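None of these values were measured; they are calculated from a predicted model.
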Amino acid sequence: MSKEDPIRIFVTHVFTDHPDYHRVFEYLESSTNFFYKNCSDPKAPPVAAGKDTKKELLLAQIRAAEVVVVVSSMYSETRDWIAFQMDAAQAASLPIIALEPFGGGKIAAEVKARAAEVVPWNERVMVDALRKHARGEDTKRWDVIEFDMS
């Protein structure tokens, strides 16, 4: 993964403005040396667009990605649309990374069962999961804890 070859990410959405959708990118942007391309486009399609048109738009966005991030808080609000996106990801053999509900809460059993990994809202853990499942990169990062022994 580099600037020239960023990880292509699709984040679930339902063509509406959702704070958790935007929060995903706030977390990713706070990571240094992590390059990604957002393949999802939650801008609302034309008003005349029907359900089939929306599904085609979502499928095209998912096909362009290497990994799908499911915002689990959206699942409880729009179960059918998020399930459709997970179905599309699995049909395309794309790994699914599920984010726990922001601020706590229980993740839906279906989302948990279909995810390759469930991660908390933690920039480092999110980035490591994306690298691992999209490109097979193992970061092998270590936490260093310093103790004052005086």
Side-chain angles (χ1 to χ4, degrees), residues 1-45 54-148:
M1 176 209 53
S2 65
K3 252 184 183 176
E4 294 78 31
D5 187 24
I7 293 176
R8 297 179 318 278
I9 300 169
F10 174 84
V11 178
T12 56
H13 63 84
V14 290
F15 298 108
T16 59
D17 200 26
H18 195 283
D20 285 351
Y21 173 86
H22 297 291
R23 191 173 287 124
V24 170
F25 299 103
E26 289 173 14
Y27 276 73
L28 296 180
E29 288 295 321
S30 69
S31 183
T32 56
N33 294 323
F34 179 70
F35 304 102
Y36 69 92
K37 179 182 180 196
N38 180 8
C39 295
S40 53
D41 183 10
K43 293 180 190 141
K54 289 179 182 178
K55 284 183 175 182
E56 286 302 318
L57 290 170
L58 286 170
L59 287 172
Q61 294 173 23
I62 292 168
R63 282 188 208 113
E66 293 175 76
V67 63
V68 172
V69 176
V70 174
V71 180
S72 64
S73 58
M74 288 181 177
Y75 183 78
S76 60
E77 300 164 13
T78 53
R79 184 176 310 253
D80 292 340
W81 281 107
I82 302 303
F84 170 78
Q85 293 169 63
M86 290 190 296
D87 290 343
Q90 287 182 315
S93 299
L94 296 176
I96 295 173
I97 297 173
L99 286 170
E100 295 174 346
F102 187 77
K106 194 170 185 174
I107 190 166
E110 181 183 359
V111 174
K112 194 174 192 177
R114 296 173 86 176
E117 187 171 346
V118 177
V119 297
W121 285 89
N122 176 303
E123 162 267 324
R124 183 174 167 176
V125 177
M126 289 167 65
V127 166
D128 287 351
L130 288 167
R131 286 182 168 159
K132 176 181 170 185
H133 294 287
R135 302 277 172 93
E137 295 177 12
D138 188 7
T139 61
K140 296 188 188 213
R141 292 199 242 187
W142 295 83
D143 286 326
V144 177
I145 301 172
E146 294 183 26
F147 294 97
D148 183 11

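For the atom pair NZ (Lys112) and CD1 (Ile96), the distance works out to 15.5 Å, reported to the nearest 0.5 Å. Distance check, rounded to the nearest 0.5 Å: CH2 of Trp121 to OG of Ser73 gives 6.5 Å. Within the model, atoms CZ of Phe15 and OG1 of Thr78 stand 11.5 Å from one another, a figure rounded to the nearest 0.5 Å. For the atom pair CG (Leu130) and CD1 (Ile9), the distance works out to 4.5 Å, reported to the nearest 0.5 Å. Remark: Arg63 CZ to Arg8 CZ distance equals 14.0 Å, nearest 0.5 Å. To the nearest 0.5 Å, atoms CD1 (Ile7) and CG (Asn38) are separated by 13.0 Å.
Proximity of a side-chain donor or acceptor of Arg131 to a complementary backbone N or O of Glu137 within less than 3.5 Å is not detected.
Side-chain contact, Asp41 with His13: no donor N or O sits under 3.5 Å from an acceptor N or O.
Residues Val68 and Gln85 form no side-chain contact, since every pair of their non-hydrogen atoms from C-beta on lies 4.5 Å or further apart. The shortest distance between side-chain heavy atoms of Arg124 and Tyr27 does not fall below 4.5 Å. Side chains of Pro101 and Ile107 form a contact here, defined as non-hydrogen atoms less than 4.5 Å apart. Contact annotation: the side chain of Lys54 never approaches that of Val14 to less than 4.5 Å [non-hydrogen atoms, C-beta and beyond].
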Practice task
Applying side chain to side chain contact (heavy atoms under 4.5 Å, CB included), run through Asp17 and His22 and close with a yes or a no.
Solution key: CA-CA 8 Å; Asp17 200 26; His22 297 291; 2.4 Å; yes

Practice task
Please test Met74 against Tyr21 for side chain to side chain contact (heavy atoms under 4.5 Å, CB included), starting from the C-alpha separation and ending with a verdict.
Solution key: CA-CA 9 Å; Met74 288 181 177; Tyr21 173 86; 3.7 Å; yes

Problem - Tyr75 and Met86: CA distance, side-chain angles, deciding distance, side chain to side chain contact (heavy atoms under 4.5 Å, CB included) verdict - result: CA-CA 10 Å; Tyr75 183 78; Met86 290 190 296; 3.9 Å; yes

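Test Met126, Glu29, His18 against Val24 for side chain to side chain contact (heavy atoms under 4.5 Å, CB included) and you get one pass: Met126.
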